[in-house]
Amino acid sequence: MKRNGLLASGDALLAQAAGLLQRYPRHVTGLIAALLLGGGGGAFAVASFGPDPADLPVRQVVESVNTLPIDQQIEALESHALRLFRSDTLRATDTVDTLLARLGLHDTAAAIFLRNDPLFRTQVLRRPGRMVTAEGSADHRLEKLTARWASETAGQFHRLVIERNPDGHLLSRVETGQLVASARLGSGVIRSSLFAAVDDAQIPEEVAVQVADILGSRVDFHRGLRKGDSFNIVYEVLVADGEPLRTGRVLSVEFDNNGKHHTAMWFREAGKKGAYYALDGTSLQSAYLASPMEFSRVTSGFSMRFHPILKQWRAHLGTDYGAPTGTPVRVVGDGVVEFAGWQNGFGNVVIVRHNASDTTLYAHLSRMDVRKGHSVTQGQRIGAVGATGWATGPHLHYEFRINGQHQDPVLVARKSEGVKLSAEALPAFRSAATAMRLKLDAAARVAEVASIE
């Protein structure tokens, strides 16, 4: 009876709950959710209808596991020979022993081999600036040595390789490889001189020499530079096996000098010699170079001067370039050697006739590399600076004559006409100039970022 009463009461409660759920579904659902989330702070117990885990039977499973095959790897690592790699630049005072020591090598037999190897003695020792890469063993024995240098053949380089053969003996050989041209960007500001500016910008000195040649008829790099003048440059670096080996051609340059803006770009028209042009297409390639020497110090210009030997004021009808004995002298334009020999106060002198009216003279030479009748091309070496004749020190005296009359060579270079672009080449030139303009702008932006940092 009591059990039936409880059941009846439970049925009644369930019926009431069902009725509440039907009448107030949202309220009842919210109340249940709140209780489950613990909002009322009460504790609830959940009845478990499964068996007690303590009463479950325990079963042990044993399986065999194969080990990873690492024995061979361990043996390979134990037998692996450690190799050490190091590179260094050769110094003028280097001997075999000092070079090997800087490369971290201690190998008496290798030192003996290098001292007696003719290729190493002639192509590495006493060749300052060349990069040498060595590969050594764990006990600091030489396993392989490599050195590279530019070839006289355009676009190629030589690679000296010294390494051990299977018998353990060192052998040397020379290989030939192809140089790869890579474009580099540079930018700088003149504080004192062009060379100081490129040095500060970590640009090779050879680039400064080329810039002075390219814009020499527009910018006076000897006396006309001003503090604050600036430049952006795109130039080539010739790379061998990933190693920069030497500087190539200046591809483009812009130079702001004393408020004037100058641009130049290398361009080669099909079927013609390459030349430099302003980005608007104006030719910069003069029939004559502004200077018979790579960028050098002018000691006496085209003007009146006090003669150091005659001790009197006289018109100086040429330009003097102070430079060490042996510095190369180049012809300023195409022509034929009219005279090469001794002329009293001029000492060793070379005279070149360029056309019916124009001649140039190069005096006080320590040596002459041409003879009368030789044809010469612009930029060709014709001799070297000296102090022969009436000279108080090594220098070059240079004259430009038109119909026998002395002229200022810088003004002549500025007025002389060079290679001009044909109408057919203009579209290709404009396309190349647009691309080069973007590179020059990139060089300027790199410089701005560097100055901020």
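All values below come from the heavy atoms of this structure, side chains included, with hydrogens, waters and symmetry mates left out. Quick caveat, the model's predicted, so the values are computed rather than measured. Throughout, numbering of the chain's residues begins at 1 and tracks the sequence.
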Can you list every side chain to side chain donor-acceptor pair (under 3.5 Å) pair that touches residues 188-202, not counting sequence neighbours? none
Can you tell me which residue among T263, L251, N232, L185 is in a side-chain contact (heavy atoms from CB on, under 4.5 Å) with L440? N232
Result for side-chain contact (heavy atoms from CB on, under 4.5 Å) between I351 and one of V337, T360, L361 points to L361
Could you check whether any side-chain heavy atom of [X] comes within less than 4.5 Å of a side-chain heavy atom of [Y], counting everything from C-beta outward?
| X | Y | answer |
| --- | --- | --- |
| V350 | F339 | no |
| L396 | P292 | yes |
| Q178 | Q156 | yes |
| V219 | L225 | yes |
| V332 | Y398 | yes |
| V207 | V198 | no |
| F120 | S172 | no |

Euclidean distance, [Y] [atom2] relative to [X] [atom1], rounded to 0.5 Å:
| X | Y | atom1 | atom2 | result |
| --- | --- | --- | --- | --- |
| T327 | H395 | OG1 | NE2 | 13.0 Å |
| R127 | W149 | CZ | CH2 | 8.5 Å |
| L215 | L194 | CG | CG | 10.0 Å |
| K439 | R184 | NZ | CZ | 13.0 Å |
| D117 | L170 | CG | CG | 9.0 Å |

Plane angle bin for H397 and F346 - parallel if under 30°, tilted between 30 and 60°, otherwise perpendicular: parallel
Return the set of residues passing side chain to side chain contact (heavy atoms under 4.5 Å, CB included) with A428 (not counting sequence neighbours), or none when no residue passes. F267
Any chance you could lay out the salt bridge (Lys or Arg N to Asp or Glu O under 4.0 Å) test for D334 and K273, step after step, and finish with the verdict? CA-CA 14 Å; D334 298 347; K273 293 172 60 176; 5.1 Å; no
State whether the number of non-hydrogen atoms from other residues, nucleotides or ligands found under 6.0 Å of H261 atom NE2 is greater than 12. yes
Taking atom CZ as the centre, does R381 end up with more than 12 heavy-atom neighbours from other residues, nucleotides or ligands that are less than 6.0 angstrom away? yes
Steps toward salt bridge (Lys or Arg N to Asp or Glu O under 4.0 Å) verdict (D97, R115): CA-CA 9 Å; D97 293 327; R115 288 192 196 98; 2.7 Å; yes
SB check R226 D256 (cutoff 4.0 Å): no
Taking the basic N atoms (NZ, or NE/NH1/NH2) and the acidic carboxylate oxygens, is any pair closer than 4.0 Å for D441 and R437? yes
Would a distance-only check, ignoring hydrogens and angles, find a side-chain to backbone donor-acceptor pair under 3.5 Å from T388 to L365? yes
Among Y277, Y235, Y276, which residue satisfies the ring pair (Phe, Tyr, Trp, His ring centres under 6.0 Å) criterion with W266? Y276
Check the pair L99 / L114 against side-chain contact (heavy atoms from CB on, under 4.5 Å), numbers first and verdict last. CA-CA 11 Å; L99 178 61; L114 295 177; over 6 Å; no
Before you tell me yes or no, could you show the steps for E338 and T359 under side chain to side chain donor-acceptor pair (under 3.5 Å), namely the whole-Å CA-CA distance, both residues' side-chain angles and the distance that decides it to 0.1 Å? CA-CA 9 Å; E338 189 173 73; T359 59; 5.7 Å; no
Please confirm whether the ring centroid of F255 lies under 6.0 Å from the ring centroid of F221. yes
